[in-house]
Colleague: 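One structure is given below, represented as structure tokens, and several questions about it will come after.
All values below come from the heavy atoms of this structure, side chains included, with hydrogens, waters and symmetry mates left out. Along the sequence shown, residues carry numbers from 1.
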Amino acid sequence: MQTTHKLTRWCATLLLSTVFTFGCERKPEDLEQWRNAEGGMEKLQEWAKSKEESNAVRARAVQILIEENNSNQIPALLDGVKDAEAKKAIVKAAIETTEKLWATQDQPELTEEMKKKGVQMKVGASKAVQGVETAYYLYPYATGEDQKKLENILGEWLSKDHELRRQLSTRITLEQVLPRSGDKGFEGMMLWFKEHKNPGNLADAIRQHGDEKTKKRFAEVILERAMADHPDINPQLRVIIEKTEDPAIVPYLEKAMDDPNTPGPVADAMMDTYIRIKGPASTTKLNELVAKRKDIMRSVAFTRLIEVRGEAGVIQASNALPLEIDAYATEGDNTLGKDADYLCNIIESELKKSHKIEDPKPVIEKMLKSSRWPAQAIAMHCAKMKKWSDWKPAIEELTESKQLVPGWSDQETSLGDIAKEVIASFES
């Protein structure tokens, strides 16, 4: 009897000190006394990682850690478990606990009436929030249906009450959860993006934490919001569009460039983005803008063609200027006559800056020798500005032209009139 009593005390002592031997194997239920003991969480972590413990003990240790709101320890803990069967058992048990926590649904909720009244809520401890955080940390270690269970929890978390729920969890952000939340989570976050008055930080976080699939779908949502908000694109949305790399945004960029109601700075920024995404293929649209627009966007597109293609861009842009008289403004700030100074200067400056071509004269001479009157008119104006009097014989050949040049001056002006004016400037 005395021997039995001593053996019992010895086993009990070993259990409490984490050292055990044959005949004193630890059981899952033995771990409960460590839930509130000093240093108990450290002991539970130790047992969870120990190869000497049974899978049942290791799994229960992790469950208690989760129940006591230590789910942030999961990655380091599971990364240390090398035995595949043990890890599988631990993850399975952890998911069971996670589902129980989430099932409590004790997190605060906002009703539509509360939203309208702007009710402020007190944020306190919540088992459901613990479940969400645990689902996030467990996700990379689960597979198949188990992972789907966690994805469903995270997707539900992102489905509503976004401003409130971002305050409820202190360990993970909604943006971090997004890549692990499946289609439902994505739809929830995109709903938030569409409604958010200042979505800049949200967009940056989605791009930072999202995988390629997420970024692709996000580009489509940006397109949807841009189309809906146009032409009133606020500064934050404008920056979001500019940062978009995916071609999904192209339809809005084209809309912004085509619409005369688009504010100038927005249209210019959208053109920059378009060129960055489309590269050399952007010249087709730029060509179209030169041909169709009657305002400043014609000159901007003309400039961009030179930026993209250099000397070839000058010829392409000048050839894109339409031959139809009614395709030009006859009053205002963007007539062909008023734009001529700008176009001559931009040809020279862009060739130098973007393509290291120091002398624009040979390029502009090709415009003079073309058969298109808009190119000839601009080339002659450049010759007048630069005093290229050696062009006099070529310009004299145009003095008899009756071709009307709309918007060149306050009076009706022909191509021949421009030629005569340029020759007179050489002689003065």
Side-chain angles (χ1 to χ4, degrees), residues 59 62-63 65-79 81 87-88 90-110 121 123-196 199 201-222:
V62 172
Q63 285 182 314
L65 286 167
I66 293 170
E67 291 164 0
E68 296 300 319
N69 202 19
N70 289 282
S71 60
N72 58 325
Q73 302 294 326
I74 287 174
L77 196 155
L78 287 177
D79 286 343
V81 178
K87 182 176 289 189
K88 184 177 179 180
I90 292 171
V91 170
K92 197 87 173 173
I95 291 173
E96 290 176 7
T97 301
T98 302
E99 289 186 300
K100 289 177 182 178
L101 290 169
W102 174 245
T104 64
Q105 288 298 288
D106 63 344
Q107 75 274 18
E109 299 283 350
L110 282 175
M121 273 192 156
V123 176
S126 162
K127 291 185 180 298
V129 174
Q130 287 179 230
V132 170
E133 292 175 344
T134 308
Y136 173 79
Y137 290 121
L138 275 175
Y139 183 90
Y141 304 96
T143 58
E145 287 302 312
D146 284 339
Q147 191 175 74
K148 191 67 178 177
K149 292 176 183 178
L150 301 175
E151 182 181 288
N152 289 339
I153 292 172
L154 298 173
E156 286 288 341
W157 185 243
L158 295 187
S159 66
K160 61 180 180 178
D161 294 347
H162 301 96
E163 290 296 341
L164 173 61
R165 291 186 174 187
R166 76 182 305 164
Q167 300 174 53
L168 292 175
S169 174
T170 59
R171 289 176 175 156
I172 54 174
T173 66
L174 300 186
E175 294 84 358
Q176 285 176 297
V177 169
L178 180 59
R180 302 178 182 182
S181 62
D183 290 339
K184 185 162 188 175
F186 182 86
E187 295 304 325
M189 283 294 275
M190 295 310 101
L191 176 64
W192 190 28
F193 174 79
K194 291 175 188 177
E195 298 172 345
H196 210 301
N201 291 337
L202 174 58
D204 287 341
I206 290 172
R207 286 179 173 137
Q208 178 184 351
H209 296 291
D211 56 17
E212 290 307 311
K213 179 183 176 183
T214 298
K215 291 175 184 177
K216 172 72 176 176
R217 295 176 67 187
F218 183 45
E220 294 167 356
V221 174
I222 295 171

Colleague: Return each pair, listed once, that meets salt bridge (charged side-chain N to carboxylate O under 4.0 Å, His left out) where at least one residue sits in residues 168-180; pairs must be two or more places apart or across chains.
Modeller: Glu133-Arg171, Arg166-Glu175
Colleague: Do Ile206 and Met190 have side-chain heavy atoms sitting under 4.5 Å apart?
Modeller: yes
Colleague: Please report the shortest heavy-atom distance between Gln176 and Ile172, naming the atom on each side.
Modeller: OE1-CA, 3.4 Å
Colleague: Check Ala59 against Ala93 and note the closest heavy-atom contact, atom names and distance.
Modeller: CB-CB, 3.7 Å
Colleague: Using the ring of each side chain (for Trp, its six-membered ring), is Trp157 parallel, tilted or perpendicular to Trp102, with breaks at 30° and 60°?
Modeller: perpendicular
Colleague: Under 4.0 Å between a side-chain nitrogen and a carboxylate oxygen: does that hold for Arg217 and Glu187?
Modeller: yes
Colleague: How many angstroms lie between atom CE of Met189 and atom NZ of Lys194, to the nearest 0.5 angstrom?
Modeller: 13.5 Å
Colleague: For the NZ atom on Lys92, are there more than 12 heavy atoms of other groups (residues, nucleotides or ligands in this structure) within a distance under 6.0 Å?
Modeller: no
Colleague: Please tell me if the side chains of Ile74 and Leu65 come closer than 4.5 Å, counting only heavy atoms from C-beta onward.
Modeller: no
Colleague: Tell me whether Lys215 at atom NZ has more than 12 heavy atoms from other residues, nucleotides or ligands lying less than 6.0 Å away.
Modeller: yes
Colleague: Could you give the distance from CG (Leu191) to CZ (Phe186), rounded to the nearest 0.5 Å?
Modeller: 11.5 Å
Colleague: Does a side-chain N-to-carboxylate-O contact under 4.0 Å join Glu145 and Lys148?
Modeller: no
Colleague: Side-chain contact test, heavy atoms from C-beta onward, threshold under 4.5 Å: evaluate it for Ser126 versus Leu168 and give yes or no.
Modeller: no
Colleague: Hey, is the main chain of Gly188 close enough, under 3.5 Å, to the side chain of His162 for a donor-acceptor pair?
Modeller: yes
Colleague: Verify the neighbour count for atom CG of Asp204: are there more than 12 heavy atoms of other residues, nucleotides or ligands below 6.0 Å?
Modeller: yes
Colleague: With sequence neighbours left out, what residues match Gln107 under side-chain hydrogen bond (donor to acceptor under 3.5 Å, both in side chains)?
Modeller: Gln105, Glu109
Colleague: May I ask you to decide if Tyr139's main-chain N or O and Gln147's side chain share a donor-acceptor pair within less than 3.5 Å?
Modeller: yes
Colleague: Could you measure the distance from the CG atom of Asp211 to the NZ atom of Lys216? Nearest 0.5 Å is fine.
Modeller: 13.5 Å
Colleague: What residues form a ring-ring contact (aromatic ring centres under 6.0 Å, His included) with Phe218, not counting sequence neighbours?
Modeller: Phe193
Colleague: Give, for atom CD of Gln73 and atom CG of Leu78, the distance between the pair rounded to the nearest 0.5 Å.
Modeller: 11.5 Å
Colleague: As an exercise, state the distance from CD1 of Ile95 to CD1 of Ile90, rounded to the nearest 0.5 Å.
Modeller: 12.0 Å
Colleague: Would you say the side chain of Tyr136 lies within less than 4.5 Å of the side chain of Ile153, judging by non-hydrogen atoms?
Modeller: no
Colleague: Quick check on Lys87: does its NZ atom have over 12 non-hydrogen neighbours (other residues, nucleotides or ligands) under 6.0 Å away?
Modeller: yes
Colleague: Quick check: closest heavy atoms across Tyr137 and Pro75, and the distance to 0.1 Å?
Modeller: CD2-CG, 3.8 Å
Colleague: If I compare all heavy atoms of Ala94 with all of Val62, which pair ends up nearest, and what's the gap?
Modeller: CB-CG1, 4.2 Å
Colleague: Between Ser159 and Lys184, is there a side-chain heavy-atom distance shorter than 4.5 Å?
Modeller: yes
Colleague: Can you give me the closest heavy-atom contact between Asp106 and Ala128, atom names plus distance?
Modeller: OD1-N, 2.9 Å
Colleague: Indicate the atoms forming the closest heavy-atom contact of His196 with Glu163, along with that distance.
Modeller: NE2-OE2, 3.5 Å
Colleague: Nearest 0.5 Å, what's the CG-CG distance between Leu150 and Leu138?
Modeller: 6.0 Å
